[in-house]
2 protein chains.
Amino acid sequence: MIEDDDRIRLSLTLALEDEGYTVHTAATAEEGLLRQQREPADTVLVDLMLPGIDGFQCIRELRRDDDVPIVVVSAREDTHDIVAALEAGADDYLVKPVAMKELSARLRALRRRARTGPAAPADQLRIGDLNVRAQAGEVLLRGQPLALTRTEFRLLCELAEHAGQVLSRQQLLERVWEYDFGDERLVDVHVGRLRQKIEDDPGTPARLVTVRGLGYKMPR
Amino acid sequence: MIEDDDRIRLSLTLALEDEGYTVHTAATAEEGLLRQQREPADTVLVDLMLPGIDGFQCIRELRRDDDVPIVVVSAREDTHDIVAALEAGADDYLVKPVAMKELSARLRALRRRARTGPAAPADQLRIGDLNVRAQAGEVLLRGQPLALTRTEFRLLCELAEHAGQVLSRQQLLERVWEYDFGDERLVDVHVGRLRQKIEDDPGTPARLVTVRGLGYKMPR
DNA sequence: GGCGATTTGTCACACAACTGTCACGGGTTC
DNA sequence: GAACCCGTGACAGTTGTGTGACAAATCGCC
């Protein structure tokens, strides 16, 4: 979030964190741009009236080398500003004061749309009530952390990252184990062990399902 | 554009055509959904208050088997409605009366985002109310996933890919089974099994019909 | 550096699902 | 009416998957 007003920044941050987001903040465009280069967020919220580089320029800079979803949150409600911001590369535009519910819904809609795009290696994936934090190396099921082994974790990440599509045992072997040969049954065993931990009823898997003859997948 | 108010529909259509869009219109959700199935548009504008099926349901139906960008244009400005529409699957929400410039800019932004979207849109085929998703390894009938076996799946893919044209048993044997000899009756059996799953009345096939003496086909 | 605990990979068995063949019967064509 | 085409149920053989047991490897901890 790039926003110079301390009060707004704080209240939005708190509200977003309540929704489960991890928020990084910056008070100026310069700071925000640098930050985005160092440790990229998967979505950017930006104000238009900023000291120094203004919001429009900031959006163009962000857009220049990044496909990250950008949402403008501004007090200016002029059609002209809205059009200019969207033309600059923003994906959405909300007028302050924003209803938190609406912001949250618009973020979800945008992220849903952006996700279907080129595999963005986001460090936090949500599949249903499963929350995979790749960087933190932890997985939360309904908010409760799970004790996964390293292999289970990597397997889950791989499946979660491609939620909705089937991954063959061969693909999983290559990506999780970095084998390009070897017994495919190995995958079965680990899938079984993973299921013991992430499924409510491991006998009838719901989160990690097998597609007979093809492989495994996690439904969206 | 799905919009029941004639005046709004006309004025929006004219304005959009000025911007270079080709616009198809429908006055009801039913008509719009049918239209979208027949000759899909690449973006859908939808009103919320419609006679018959309402806007929310319409969005869900559209979204069920299509990734098309959806923009809501509604007179209702309640946060609750906005959130509900976005949750149902809409990508953006504008409150009437809309500034044409803003609508246009939002459409451009959305289309820009959507285009960078689906990694491989080619692997999703739609034949009537049947939706074949190759990469997810699943087939949806009216939005409901079907449990097909590997052979059934490949058979269906082959037929769907050439919807409208007759495939001989020989061709199917070659393409699905990779046989270049063998009993052609094998195809019959699997077609029968497939019909049990995809036909409403397997006795009188509608989606997968036989062309006596030639083979099978799926009508468009 | 050693030791117990955990994790990992292999194997074998059991079971369920799928496949291909066949035979019968109804319908169609000539 | 005969020849042919097609749908379908039954069935046995095959394949794919889940799972428990076990030994080797690795890890964590003094």
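Naming convention: chains lettered A, B, ... in sequence-line order (proteins, then strands); numbering from 1 in each chain. Since the model is a prediction, treat every value here as computed from it, not as a measurement.
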> Are side-chain N/O atoms of A:Asp66 and A:Gln36 paired as donor and acceptor at under 3.5 Å?
Replying inline: yes

>> Of the options C:dT10, C:dG9, D:dT17, whose atoms approach the side-chain atoms of A:Arg185 most closely?
In response: D:dT17

> Between C:dT7 atom P and A:Leu156 atom CG, what is the distance in whole Å?
Replying inline: 16 Å

> Is any N or O donor-acceptor pair between the side chain of A:Arg169 and the base of D:dG16 shorter than 3.5 Å?
Replying inline: no

> Which heavy atom of B:Arg207 sits nearest a heavy atom of B:Ile198, and at what distance?
Replying inline: NE-O, 2.6 Å

> How long is the line joining CD of A:Glu184 and C1' of D:dG16, in whole Å?
Replying inline: 11 Å

> Given atom CG of A:Asp188 and atom P of C:dA14, what is their separation to the nearest angstrom?
Replying inline: 18 Å

> Is A:Trp177 near enough to C:dG9 that one of its side-chain N or O atoms lies under 4.0 angstrom from OP1 or OP2?
Replying inline: yes

>> I need the minimum non-hydrogen distance between A:Leu50 and A:Asp4, along with the two atoms involved.
In response: CD2-N, 3.9 Å

> Between B:Glu87 and B:Arg60, is the closest basic N to carboxylate O distance under 4.0 Å?
Replying inline: no

> Of all of residues 147-154 of chain A, which get a heavy atom below 4.0 angstrom from DNA chain C, listed by number?
Replying inline: A:Thr149, A:Arg150, A:Thr151

> Where along residues 190-216 of chain B does a heavy atom come under 4.0 Å from DNA chain C, residue by residue in number order?
Replying inline: B:His190, B:Arg193, B:Arg212

>> If we count only N and O atoms by modelled type, under 3.5 Å, do the side chains of A:Tyr93 and B:Arg106 hold a donor and an acceptor together?
In response: no

> Any sub-3.5 Å donor-acceptor pair from A:Lys197's side-chain atoms to A:Ala147's backbone N or O?
Replying inline: yes

> What are the two closest heavy atoms between A:Glu152 and A:Thr149, and how far apart are they?
Replying inline: OE1-N, 2.9 Å

>> Between the side chains of B:Arg175 and B:Glu161, is the shortest nitrogen-to-carboxylate-oxygen separation below 4.0 Å, so that they form an ion pair?
In response: no

